[in-house]
Amino acid sequence: MDNFFRYFYQDFGNLFNALVDMFVAMGNFLNHLLNFPMRMELIKKYEEDFTTTDWIMLLVVNLILIALIILLVIAVVKLMRKIFRVRVSPKKYDAVVKQVRSLQRDLIRANYEKDRLLAMRVDQLGEFGSEPQLDLGSEQGQEHPAAAAEESAAGEELVLSNRNTRFSPCVDPAESRFFRLTSVDNFYKTEYRPPVYEQNFTLEEFCDRFRRFTASRLKLYYEEDMMRFFVASMGTARIIILQGISGTGKTSLPYAFGKFVQNDSSVVSVQPSWRERTELYGYYNEFTKKYSETDFLRALYESNYYRDPHVVILDEMNIARVEYYFAEMLSILELPLQEEWNIDIVTAVWDNDPCLIEGGSVQIPNNVWFVGTINNDDSTFAVADKVYDRAIPIDLDSRADAFECEPADPIFVSTDYLNALFAKAKEDFPISEEIIEKLEVVNAYVIKVFRLAFGNRVMKQIREFVPCFIACGGTEIQAVDFIVAKKVLRKFESLSVGFMKDELTRFSNFLDKTFGKNQMKICKEYIEILKKTN
């Protein structure tokens, strides 16, 4: 044993002495590096013999030393920030675990509720049957948008006539439990006359006229690409999210669209207390025997009477949790058949109920789009991925400069003609196979490095958005750049991007290599923002 201890003392003693010498050497290095008084003494010693060249070299050497000191300080600060940033107290960790478990339970309950609603809807379809539907995807509609619109309008008149079989002479709204919806019925029975729709324009002309209308009539100014993003999004999804700082025109854009198509948008101001579906659709009051009708319900109901496109604005939609009060709508809009888009209102129909309530439900027509405005600040909630995945998000971070243009008049356009233009765009301008292959390469890269993937829904939206954007006057690479930034890179926010700055830089270079130098400008700008995130 004594021999081992002697060995241990000598061997590990030498290692310990070497370690001490290393720290002493580091101390001596820092002492010499930061010992400016000693350096000044040396300069005084040799300054009498210094030439001009010597003084210049002295200045250069000292600047290098100062730069070295600054770099060392920055490196130490970054190291300390990383060390202390990842430390989480056990109490905080336990709280996060409890929150995750609670969210998992909420998700299970939400899935159960969705399955229950779908089962009820299937039962209703079996009991009440289905209605004739429009087919905007026929060959005739794709070849000639105006012909498709006329055919769809005729089909819609047939649907409306079938619904009107329960029409009775005008009902006094005061005698109905649905005062506002019955008033809508009476107006469309007696006063409404459908407009004469224009059917001789392209999507590019539509975007240009929309932009000139907002500038000349409303004094609202937007970039050309912003109009293309908005209109192309209407051809891709039923939900559009406009996000950005206050004052950039998020609410004004869909409001202006309503003025442009001469069918005013419905503005629904979301309240912080909203937590369930009744905030949107209302409820039956057992005490008054009346239904509490909301602006949202009226907008959906009234849209069944006309073919003009209609926008419902959910103003400041994330001031409450979107996935709570809007959950049912998210599920319904995912159903593959438009005739299944029904909102359950009441369990039984009375004789004097509004004419378009069928089986206690109101149908969501295909001429309605939902536009939510979002402010990202401390007073709002984060929007869940399930909402973003089903929507097209558009950032409005700044206002466009005022410009002069030719005045433009508003337009009467039918949803059937607009949808026919979208369908024709998808036939005429399909996304190229070259871009598809590049997106597959990017998808593989993102999976390997960031453990994220596009997903089938995102690829479907890309295939539909790109042709619509091209038809609106944009280019294919612009459309791909926008949709990848908004639908794929946005998912990076869930990662610890503060620790992945090198990976983000390499990904930016990878985009240049794959699509061409600075072709993906929106993606690269978004990556730079992510790199600045702590």
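The shown structure was predicted, so the numbers you read here are calculated from the model rather than taken from an experiment. Residue numbers count from 1 along this sequence.
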Stepwise side chain to side chain contact (heavy atoms under 4.5 Å, CB included) check, Ile374 with Leu242: CA-CA 6 Å; Ile374 285 180; Leu242 303 178; over 6 Å; no
Please check if the side chain of Arg321 supplies one atom and the backbone of Asn318 the other of a donor-acceptor pair under 3.5 Å. no
Side chains of Val312 and Trp369, heavy atoms from C-beta outward: is any pair under 4.5 Å? no
Could you tell me how the ring of Phe296 sits relative to the ring of Phe326: parallel (under 30°), tilted (30 to 60°) or perpendicular (over 60°)? perpendicular
In terms of heavy-atom contacts, Ser265 and Tyr255 come closest through OG-CA, 4.1 Å
To the nearest 0.5 Å, what is the distance between CZ on Arg506 and CE on Met500? 9.5 Å
Above 12 or not: heavy atoms from other molecules or residues under 6.0 Å from CZ of Arg457? yes
Can you confirm whether more than 12 heavy atoms, excluding those of Asp21, are under 6.0 Å from its CG atom? yes
To the nearest 0.5 Å, tell me how far Leu504 CG sits from Leu489 CG. 9.0 Å
May I ask you to test the Val371-Ile241 pair for a side-chain heavy-atom distance under 4.5 Å? no
Give the intermediate values and the outcome of side chain to side chain contact (heavy atoms under 4.5 Å, CB included) for residues Gln243 and Val383. CA-CA 11 Å; Gln243 55 190 8; Val383 179; over 6 Å; no
Contact between Thr51 and Trp55 at the side-chain level, heavy atoms closer than 4.5 Å - yes or no? no
Where Asn375 and Thr380 come nearest, the two heavy atoms and their spacing: O-OG1, 2.8 Å
Could you tell me which non-hydrogen atom of Glu198 sits nearest to which non-hydrogen atom of Tyr417, and how far apart they are? O-CD2, 4.1 Å
On a heavy-atom basis, which atom in Pro467 and which in Arg463 lie closest, and how many Å separate them? CD-O, 2.9 Å
Between Phe230 and Tyr222, does the ring centroid distance fall short of 6.0 Å? no
Please state whether the rings of Tyr221 and Phe403 are parallel, tilted or perpendicular, taking 30° and 60° as the class boundaries. perpendicular
Would a distance-only check, ignoring hydrogens and angles, find a side-chain to backbone donor-acceptor pair under 3.5 Å from Asn367 to Asp308? yes
Is there a side-chain contact between Ser508 and Thr505, using heavy atoms and a 4.5 Å cut-off? no
Step by step, work out the salt bridge (charged side-chain N to carboxylate O under 4.0 Å, His left out) result for Glu224 and Arg228. CA-CA 6 Å; Glu224 292 179 349; Arg228 293 165 181 162; 3.6 Å; yes
Is there a donor-acceptor contact under 3.5 Å from the side chain of Thr248 to the main chain of Arg399? no
Any side-chain heavy atom of Phe510 within less than 4.5 Å of one from Val442? yes
Would you give the length of the straight line joining atom CD of Glu464 to atom CD1 of Ile392, rounded to the nearest 0.5 angstrom? 9.0 Å
Angle class for the Phe507/Tyr445 ring planes (parallel below 30°, perpendicular above 60°, tilted otherwise)? parallel
Under the criterion side chain to side chain contact (heavy atoms under 4.5 Å, CB included), I'd like the reasoning laid out for Ile470 against Thr475: C-alpha separation, chi angles, the key distance, then a yes or no. CA-CA 5 Å; Ile470 296 174; Thr475 64; over 6 Å; no
Any salt bridge linking Asp395 with Lys250? Criterion: basic side-chain nitrogen under 4.0 Å from a carboxylate oxygen. no
Test salt bridge (charged side-chain N to carboxylate O under 4.0 Å, His left out) applied to Asp409 and Arg209, Lys259, Arg217, Arg212, the passing residue: Arg217
Donor-acceptor under 3.5 Å (Lys426 side chain, Gly235 main chain): yes
Are side-chain heavy atoms of Ile74 and Lys78 found at a separation under 4.5 Å? yes
Keeping Asp295 on the side-chain end and Val268 on the backbone end, is there a donor-acceptor pair under 3.5 Å? no
For the pair Gln262 (side chain) and Phe260 (backbone), establish whether a donor and an acceptor sit closer than 3.5 Å, ignoring hydrogens and angles. no
Asn17 CG: over 12 foreign heavy atoms closer than 6.0 Å: yes
SB check Glu279 Arg275 (cutoff 4.0 Å): no
Looking at Met520, is its backbone amide N or carbonyl O close enough to the side chain of Gln478 to form a donor-acceptor pair, meaning the two atoms are under 3.5 Å apart? no
What is the distance from atom CG of Leu59 to atom CD1 of Ile64, rounded to the nearest 0.5 Å? 10.0 Å
Is the shortest side-chain heavy-atom distance between Leu439 and Ile431 below 4.5 Å? yes
Answer yes or no: is there an ion pair linking Lys524 with Asp481, defined by an N-O contact shorter than 4.0 Å? no
Looking only at non-hydrogen atoms, find the nearest pair between Ala408 and Phe213 and report the distance. O-CD1, 3.5 Å
I'd like to know whether CZ of Phe412 has more than 12 heavy-atom contacts from other residues, nucleotides or ligands below 6.0 angstrom. yes
Hey, does the side chain of Asn62 reach the backbone of Leu58 with a donor-acceptor pair shorter than 3.5 angstrom? yes
Mind checking whether Arg277 and Tyr324 have side chains closer than 4.5 Å, heavy atoms only? no
Classify the ring geometry of Phe206 against Phe201: parallel below 30°, tilted from 30° to 60°, perpendicular beyond 60°. parallel
Is the backbone of Pro309 close enough, under 3.5 Å, to the side chain of Asn263 for a donor and an acceptor to pair up by distance? yes
Report the C-alpha distance between Glu427 and Lys424 in whole Å, list the side-chain angles of each, state the deciding distance to 0.1 Å, and finish with yes or no for salt bridge (charged side-chain N to carboxylate O under 4.0 Å, His left out). CA-CA 5 Å; Glu427 179 184 8; Lys424 189 174 187 301; over 6 Å; no
Taking atom CE of Met38 as the centre, does the number of heavy atoms from other residues, nucleotides or ligands within less than 6.0 Å exceed 12? yes
Nearest-0.5 Å distance that lies between atom CD1 in Ile527 and atom CD1 in Ile522: 12.0 Å
I'd like to know whether Phe370 forms a side chain to side chain contact (heavy atoms under 4.5 Å, CB included) with Ile313, so could you lay out the CA-CA distance, the side-chain angles of the two residues, the decisive distance to 0.1 Å, and finally the verdict. CA-CA 6 Å; Phe370 304 96; Ile313 304 172; over 6 Å; no
Can you check whether Tyr388's main-chain N or O pairs, donor with acceptor, with Lys487's side chain at less than 3.5 Å? yes
Shortest non-hydrogen separation from Ala320 to Gln271 and the atoms involved: CB-O, 3.4 Å
Please evaluate residues Ser266 and His310 with respect to the criterion side chain to side chain donor-acceptor pair (under 3.5 Å), reporting the C-alpha separation (whole Å), side-chain torsions for both, the decisive distance (0.1 Å), and the verdict. CA-CA 8 Å; Ser266 301; His310 186 67; 2.8 Å; yes
Whether the Glu316 and Thr373 side chains hold a donor-acceptor pair (N or O, under 3.5 Å, no angle test) is what I'd like checked. no
Verify the distance criterion only: is there a donor paired with an acceptor across the side chains of Asp315 and Thr251 at less than 3.5 Å? yes
Between CZ on residue Arg390 and CD1 on residue Ile239, distance to nearest 0.5 Å: 8.0 Å
